[in-house]
Amino acid sequence: MNILIPDSWLRDFIKTNAEPDDIQKSLSLCGPSVEKIERVDRDYLYHIEITTNRIDAISVEGIAREAAAILPRFGFQSIYKEKEIIPFKEENRLPLTVSDPQKLCHRILACVLDNVNLNKSSKKIADRLEKAGVRSLNNVIDITNYLMLELGHPCHVFDYDRVKTGSLIIRYAKKGEKLTTLDGKIFAVDGTDVVIDDGTGRIIDLPGIMGTQNSVVTNLTERIIVFIESNNPLVIRNTSLKLGLRTLAASINEKNPDSHLAKRTIVAAVNLYQQECHARIASPLIDIYPFKPEKKKITITADFINRQIGIKINENEIIKILNSLHFKISKKNNLLLIEPPYFRRSDIDQPVDIVEEVARLYGYQNLPSALMTGDIPLSQKTDDLILEEKIKIMLKYWGYTETYYYSLISSQLINKSHLDKKDHLKLKNPLTKDLEYLRISLIPSMLDIISNNTYFRDDLLLFELAKVYLPSDRELPDEKNHLVISNNVDYYQLKGIIDSLLNELGIINLKTYFTPGHLFHPHKSLVYKKDNSTLITLGAVHPDLLSSFSLNKEVFLAEINLDDLYPLVNLAKIYQPIPFFPPVVENLTVGIDKKIKIGFLMEEIKKSNPFIKEIIFLEKFIDWITFKVIYQHPQKNLDSEEVKLIRDKIIGIVTEKYHLKIKGYS
Amino acid sequence: MERRLKEILAAAEKNIFNIADHNSLNNYWLELFGSNGIITKIFKDFKTLPSSQKPEIGKMANEIKNKVNSFFNLRKIEINKLKLKQVLDVTMPGFRPPQGHLHLVSYAISEITSIFENIGFTRVRYPEVEWEWYAFESLNMPKNHPARDDIETFFIDTPSSKKYGRMVLSPHTSSGQVREMERVKSIAPIRMINIAKCYRPNWDISHTPMFHQFEGLVVDSGINITHLKGTMDYFARKFFGPQRKTRLRPFHFRFTEPSFEVDINCGLCLGKGVLDNGEKCRLCKSGWLELGGSGMVHPKVLLNGHIDPQKYTGFAFGWGVERTYLMKEGMKISDLRILYQNDIRFLEQF
């Protein structure tokens, strides 16, 4: 998250000869990133990004602490001055009881003050708040915000008289309870939210997130309870997200600010109320502290640090760096025993965390840059990745354009495509109805793309290569690579693409059948199979489907199950000696009728004699088709007698079996 | 014989100069000089002549043979000259082979892949629909981590697994880290480049709910921060150009420690923030542009992949394919959503 820190405020905590530009540059390289500096009046405003692990740096004091350690590494002088906090004398004039029977908070601190002089804030406080992006309201409220920005711990203040009972009980809310926040909005809370009760069952606060209308300071306030709790960060995050109350206090509290800082903050608050509002202390400082954090010690060696960083930094330098960041170090032989400062307790956990501290202060920009020298792994890229790229390039140069659709489609698109929602995996939390179901076929989205583009181009030649997600009981879905190729031009153009693709991939001996799925025209489609598994469905889109996508022009599609096709691929080329004896080539023209299947006829002719090397389809003209037949014998020249024998066999098939006429030879 | 020779000469002359192409000329030459050619035959018949006529007729036959041959040569030159009179409108457009287009993301993926393959990385791909264990838990992102909120990650409406948690649409390619360690049976070295679709619930001009990431993972003994820097610099030079370099800034990710933000020096001002004419660079503002995240693999992640963090260390990075590619091309696509709208007028441009 981003915070705004005025340069003048920062310099309360650090004495340095570094200019704002220097601070920006140095801090960004070694610590929190200063994204920009803004000129405001006669001041500068730093826009700083704080990562979630560095909640200690979400304050003016925290940034000053970082800057004081970092700036000397860039040759600047810097002296850090911690916020001065003056212990106060406790009183016992006004009663207050605080209880947390279920131990919902790590620490609770409270103190009653009276004689509070509610007024406008002093110019310094008001100015600083406004610069940091917080609206100044009155001195009583402003002090809580001021300290949150200055020290990094949220702080709350109740109107002592509006609490009425002098009692604060921390408890879980009950289902059905409601509360009204200070801005007048009503929220329903439940058993996962933590609230404060005044002992009568009345909710008087949503701690750590936002005050409630019935207990916050008003213009009439004279007596206050200053209140800070270290809550359970998970509860804060959950409630704040659920209710949509993303206050600055909530975003800090959900990142676990330190409980020692809570104590410093409440004392500082009392100090400020005395100074700014002439308040008097009226109660003891209540401090309920059931969960004191344990002291952390991390053991590490300079050698370990250097191995991770990749250069040699000597031990004294390491100790100096860590000291500048307030880490305590004791030495035992070559072991360094490291104790992080209180404000880094939640973030420093492992030896590698210490490595980071040393490395960033040493400066990543000062490390050399080198490629790995170890063995290169012998892993092999898998076939699917190699072939995928080949296929895409083939299709591109055969005139097809690649599309990328979302993997998720709408129920509307599923219905339009005559598929069933039940066969698809569904998102639990879709962003929109448009992206709700994981595709099991690439056809619905391709039809959508075609129908969206028909106004722009007459001829659309498109393909998409992507995964489909086939549900599998209690397991991850079967993610299959599919390829859909489509055109709205011609069936045979698409079939030619499929046949060339198979040829290019060295796939032979697929069987074809006339049993397409219900997405295809029953008499204009073909299925390619190998051992009962369907590899390719090719054909014209079913007329019902065309009309549900408002497509007037016929569309031809091929959906290819690539993952099942890949094992059949054979890219190895085998050299065959160039035949010494020349082939005999003849063109054969045959009259056909609608009932015969040319593919079957050609297959039969091919099989009729081993010396028919190839039969090639040349053209179809009205009801005549022409083939080229190549006769070849590997060991000799075929003479005209031998050719005649083979040809007679062909004529027999054509005229007797298929009852077709032969127009001639050439 | 004499008469025949004269007739042949006259006919040959007439015919040769009527022929308009080399092919026919060649055929006619065979008619005269082939193994059964007319003139060849004359020479065959020569031996039947009385020996008194032989010298005279022989001389004449040779002369005619030479003459006919010279006609052929002459005609060849003439035919070539005739050809030079032909004119082709060379400005008419040619017949182009069909040409389709690949999607921007495909170009990006193949380019990124080949750069990393050159330094020993292997491209892999892991499930897009993934268990929470691989997407979060194994990456040191505990149950309550914000990325696991349903405003940050898509969840599948299906029963959870006792062992692996809920089913999610992988929000990053980092889910492949522990999968890769499992694939190599936890035996280093690893140099992985994992490129895949990722999903997050964001949809605005700079975010699409589906996008692509490329994830690098290197694990071996002795891997340290300088290797991460070296790899980043290598990629920057190869992908963006020889004058580009990277820098690391501290950042935070759960699955790396230390973690870095990687910046690249601006292609326009080369990191100075100021142009040669003294103006402030408007592209980068400060000399550097953010590329993406990286870091040293967290020991807990290595442990989850059954690799001993005492013996091995590693680094990882995971960046957006679209973002990185658009930065390279300097393409000003004001609304990223156009990438997945499949408007043919967009697709045809690449």
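Just the heavy atoms: all of them, side chains too, but no hydrogens, waters or symmetry mates, feed the values below. Letters go in sequence order (proteins before strands), and every chain restarts at 1.
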#### Entry: CA sep, side-chain torsions, deciding dist, call: Asp353(A), Glu257(B), side chain to side chain contact (heavy atoms under 4.5 Å, CB included)
CA-CA 6 Å; Asp353(A) 297 324; Glu257(B) 189 69 49; 3.0 Å; yes
If you measure from [atom1] on [X] to [atom2] on [Y], what distance do you get to the nearest 0.5 Å?
{"X": "Ser407(A)", "Y": "Glu128(B)", "atom1": "OG", "atom2": "CD", "value": "5.5 Å"}
{"X": "Thr403(A)", "Y": "Tyr340(B)", "atom1": "OG1", "atom2": "OH", "value": "11.5 Å"}
{"X": "Asp157(B)", "Y": "Tyr437(A)", "atom1": "CG", "atom2": "OH", "value": "9.0 Å"}
{"X": "Glu402(A)", "Y": "Asn342(B)", "atom1": "CD", "atom2": "CG", "value": "9.5 Å"}
{"X": "Leu431(A)", "Y": "His207(B)", "atom1": "CG", "atom2": "NE2", "value": "12.0 Å"}
{"X": "Met167(B)", "Y": "Leu476(A)", "atom1": "CE", "atom2": "CG", "value": "5.0 Å"}

### Task
I would like to know whether Lys392(A) and His103(B) meet side chain to side chain contact (heavy atoms under 4.5 Å, CB included); could you show each step before the answer?
CA-CA 10 Å; Lys392(A) 285 183 179 186; His103(B) 195 273; over 6 Å; no
Region of [X] that comes under 4.5 Å of a non-hydrogen atom in chain B:
{"X": "Leu427(A)", "value": "both"}
{"X": "Leu462(A)", "value": "side chain"}
{"X": "Glu49(A)", "value": "side chain"}
{"X": "Tyr400(A)", "value": "backbone"}
{"X": "Glu475(A)", "value": "backbone"}
{"X": "Asn452(A)", "value": "neither"}
{"X": "Leu234(A)", "value": "side chain"}
{"X": "Ser445(A)", "value": "neither"}
{"X": "Asp473(A)", "value": "neither"}
{"X": "Pro32(A)", "value": "neither"}
{"X": "Asp478(A)", "value": "neither"}

Given a strict heavy-atom distance threshold of 4.5 Å, which part of [X] is in contact with chain A: side chain, backbone, both, or neither?
{"X": "Glu117(B)", "value": "side chain"}
{"X": "Phe346(B)", "value": "neither"}
{"X": "Pro127(B)", "value": "both"}
{"X": "His212(B)", "value": "side chain"}
{"X": "Phe253(B)", "value": "neither"}
{"X": "Pro309(B)", "value": "neither"}
{"X": "Asn202(B)", "value": "backbone"}
{"X": "Tyr126(B)", "value": "backbone"}

### Task
Verify, without hydrogens or angle tests, whether Lys229(B) (side chain) and Leu367(A) (backbone) share a donor-acceptor contact under 3.5 angstrom.
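Judged by distance alone, yes, a pair lies under 3.5 Å.
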### Query
Is a side-chain N or O of Asn453(A) found less than 3.5 angstrom from the main chain of Asp343(B), in a donor-acceptor match?
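No.
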### Message
Between Gln308(A) and Asn224(B), is the side chain to side chain contact (heavy atoms under 4.5 Å, CB included) condition met? List the steps.
### Response
CA-CA 5 Å; Gln308(A) 307 274 323; Asn224(B) 59 49; 5.6 Å; no
May I ask you to check whether over 12 heavy atoms, not counting those of [X], lie within 6.0 Å of atom [atom1]?
{"X": "Lys238(B)", "atom1": "NZ", "result": "no"}
{"X": "Lys421(A)", "atom1": "NZ", "result": "no"}
{"X": "Tyr397(A)", "atom1": "OH", "result": "no"}
{"X": "Lys242(A)", "atom1": "NZ", "result": "yes"}
{"X": "Asp458(A)", "atom1": "CG", "result": "no"}
{"X": "Lys245(B)", "atom1": "NZ", "result": "no"}

Between [options], which shows the greatest number of heavy-atom pairs under 4.5 Å with chain A?
{"options": "Leu228(B), Thr153(B), Ile109(B), Asp150(B)", "result": "Asp150(B)"}
{"options": "Pro299(B), Pro97(B), Ala188(B)", "result": "Pro299(B)"}
{"options": "Arg345(B), Glu348(B), Met210(B)", "result": "Arg345(B)"}
{"options": "His298(B), Arg125(B), Arg247(B), Arg183(B)", "result": "Arg125(B)"}
{"options": "Asp220(B), Leu248(B), Leu102(B)", "result": "Leu102(B)"}
{"options": "Ile190(B), Val129(B), Val218(B), Asn144(B)", "result": "Val129(B)"}

### Query
With respect to chain B, which residue among Arg360(A), Lys426(A), Met372(A), Lys381(A) yields the maximal number of heavy-atom pairs within a distance under 4.5 Å?
Met372(A)
### Message
If we define contacts as heavy-atom pairs under 4.5 Å, which of Glu389(A), Gln365(A), Gln350(A) has the most with chain B?
### Response
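Greatest number of close heavy-atom pairs with chain B: Gln350(A).
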### Message
Is it true that Ser161(B) and Arg474(A) share a donor-acceptor pair across their side chains at a distance under 3.5 Å?
### Response
no
### Task
Answer with yes or no whether the side chains of Gln380(A) and Thr122(B) bring together a donor and an acceptor at under 3.5 Å.
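The answer is no; no qualifying pair exists.
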#### Entry: Chi angles and distances behind the ring-ring contact (aromatic ring centres under 6.0 Å, His included) call for Phe260(B), Tyr364(A)
CA-CA 9 Å; Phe260(B) 318 103; Tyr364(A) 299 135; 4.7 Å; yes
#### Entry: Criterion ring-ring contact (aromatic ring centres under 6.0 Å, His included) on Phe463(A) and His101(B), from CA distance to verdict
CA-CA 10 Å; Phe463(A) 76 96; His101(B) 307 269; over 10 Å; no
### Query
Going through the checks in order, is the side chain to side chain donor-acceptor pair (under 3.5 Å) test met by Ser369(A) and Tyr234(B)?
CA-CA 9 Å; Ser369(A) 158; Tyr234(B) 165 79; over 6 Å; no
#### Entry: Among Trp203(B), Phe154(B), Tyr199(B), ring pair (Phe, Tyr, Trp, His ring centres under 6.0 Å) partner for Tyr406(A)
Trp203(B)
### Message
Quick one, Leu169(B) with Leu408(A), criterion side chain to side chain contact (heavy atoms under 4.5 Å, CB included). Give me CA distance, side-chain angles, the key distance, then yes/no.
### Response
CA-CA 11 Å; Leu169(B) 276 183; Leu408(A) 296 152; 4.0 Å; yes
